[in-house]
Each structure stands twice: as C-alpha cells, then as structure tokens.
Amino acid sequence: MKRVPFSLKQAIPITGLVLLLAGCSPNVHYQGKKVDPDDLDQIKQGVHNKHDVARILGSPSTMSTFDDRTWYFISKTTEAVAFLNPDVKEQQVIAVVFDDAGLVQEVVERDIEDGKKIQLVERVTETTGQKRSFLQQVFGNFGRIVRKDDPRGPK
C-alpha cells in the first residue's frame with residue numbers, strides 16, 4: 001500500500017475545522033470562593049463569633065448594607081459558549097447572621113433554585129427635538145453655509 005504524503009491543501013481545511021471546534025468549547029468562569037460544607041459544619045450557633053467565622057470561612061464576599069450583622073459568602077460558576085450569553089451553572093450564597101453580642105445567630109444556605117428571576121423592563125425615554133433618520137443626520141450639514149456674523153456660526 002502506497003502512503004500519500006500530507007499536503008498543504010489538506011492541512012488548511014483541517015486547521016480551520018480544529019479552530020472552529022475550539023471556538024465552540026465552553027468557557028467556565030468561577031467567581032467568589034465556594035464554602036466547603038465541612039467548614040460550614042464547624043460554625044455553631046451561639047458559640048462562634050465574627051473572628052471565629054472569619055478564621056474558618058475567610059473574609060465575606062459582602063456584608064449587609066446598613067449594619068455588619070449579616071455576612072454573605074457568595075460563589076457562582078458560569079459557562080459561556082462562543083459569543084452567547086453566559087449560563088449560570090451553580091450558585092451558592094451563605095448568609096451568617098450575628099446577634100447584638102457578635103455571636104452566630106443563624107446560618108442560611110441558598111443555591112441557584114432559591115434565586116428569583118428578575119424581569120427587566122425595557123423602556124425608551126423619548127427626547128425632544130426632531131426625529132431624523134441616520135441618513136438625514138449624516139448628510140444634514142452638507143450644503144449648509146453659515147455666515148460669520150450668524151450666532152449659530154463658528155466662534
């Protein structure tokens with residue numbers, strides 16, 4: 001059996017196909033630090049304080065807005081294929097609530113199923129003035145001559 005050498009004519013389509021398929025592979029992004037369940041089990045209500053929680057879980061992703069009684073540990077995994085919008089694959093939100101004395105009062109764990117979809121409202125704010133097409137805007141100044149003494153003219 002005679003062996004056929006690999007030619008440049010064959011290499012170009014194969015290389016193009018490989019690059020095309022590589023562009024379709026998903027890009028996975030990890031945001032935040034996922035809390036280990038074993039570390040979370042160490043936190044005891046009424047026993048541990050803020051310093052203990054920071055030592056066990058690390059610093060929180062964010063704190064409650066008006067006081068520092070609730071710490072949030074947030075992590076999210078998203079996957080995007082090519083130019084499409086990213087899809088959230090996994091999400092974890094741990095809320096550690098402290099009482100007035102600084103001891104853990106409650107630990108709440110939420111995942112992606114607990115989230116709520118927010119429907120965005122797309123409205124357009126109307127502006128005053130003339131409604132002109134793109135071509136009217138582009139060609140609108142051609143042929144317009146402004147005198148030097150005209151207040152609309154160049155300064």
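Count residues from 1 along the sequence.
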So do the side chains of I94 and V96 get within less than 4.5 Å of each other, counting heavy atoms only?
yes
For a 4.5 angstrom cut-off between non-hydrogen side-chain atoms, does V28 reach T77?
yes
Who passes side chain to side chain donor-acceptor pair (under 3.5 Å) against E90, sequence neighbours left out?
K34
Any heavy-atom pair between the side chains of F73 and V53 that's under 4.5 Å?
yes
Would you mind reporting whether V93 and Y72 have side-chain heavy atoms less than 4.5 Å apart?
yes
Under the rule for side chain to side chain donor-acceptor pair (under 3.5 Å), what residues qualify as partners of D52, not counting sequence neighbours?
none
Could you check F98 against L103 for side chain to side chain contact (heavy atoms under 4.5 Å, CB included), going step by step and ending with a plain yes or no?
CA-CA 5 Å; F98 298 97; L103 297 176; 6.0 Å; no
OG-CD distance between S75 and Q91, expressed to the nearest 0.5 angstrom:
8.0 Å
For D114, which residues count as a side chain to side chain contact (heavy atoms under 4.5 Å, CB included) partner, sequence neighbours excluded?
R110, D111
Smallest heavy-atom separation, E79 atom then P26 atom, equals CG-CB, 3.5 Å
How far does CG of D67 sit from CG of D100, to the nearest 0.5 angstrom?
9.0 Å
Quick check for you: to the nearest 0.5 Å, what is the distance between I43 atom CD1 and E106 atom CD?
13.5 Å
For residues 54-63, dump all side-chain donor-acceptor pairs below 3.5 Å to protein atoms at least two apart in sequence or in another chain.
from: S61; atom 1: OG; to: I74; atom 2: N; distance (Å): 3.0
from: S61; atom 1: OG; to: I74; atom 2: O; distance (Å): 3.4

Between K44 and D41, the two heavy atoms sitting closest are NZ-O, 2.9 Å
Going by the rule side chain to side chain donor-acceptor pair (under 3.5 Å), which residues pair with D87 if we only count those two or more places apart in sequence or in a different chain?
K89
Hits for side chain to side chain donor-acceptor pair (under 3.5 Å) against K50, two or more places apart or cross-chain, chain-then-number order -> D68
Can you see which heavy atom on Q92 is nearest to which on V35, and at what distance?
OE1-N, 3.0 Å
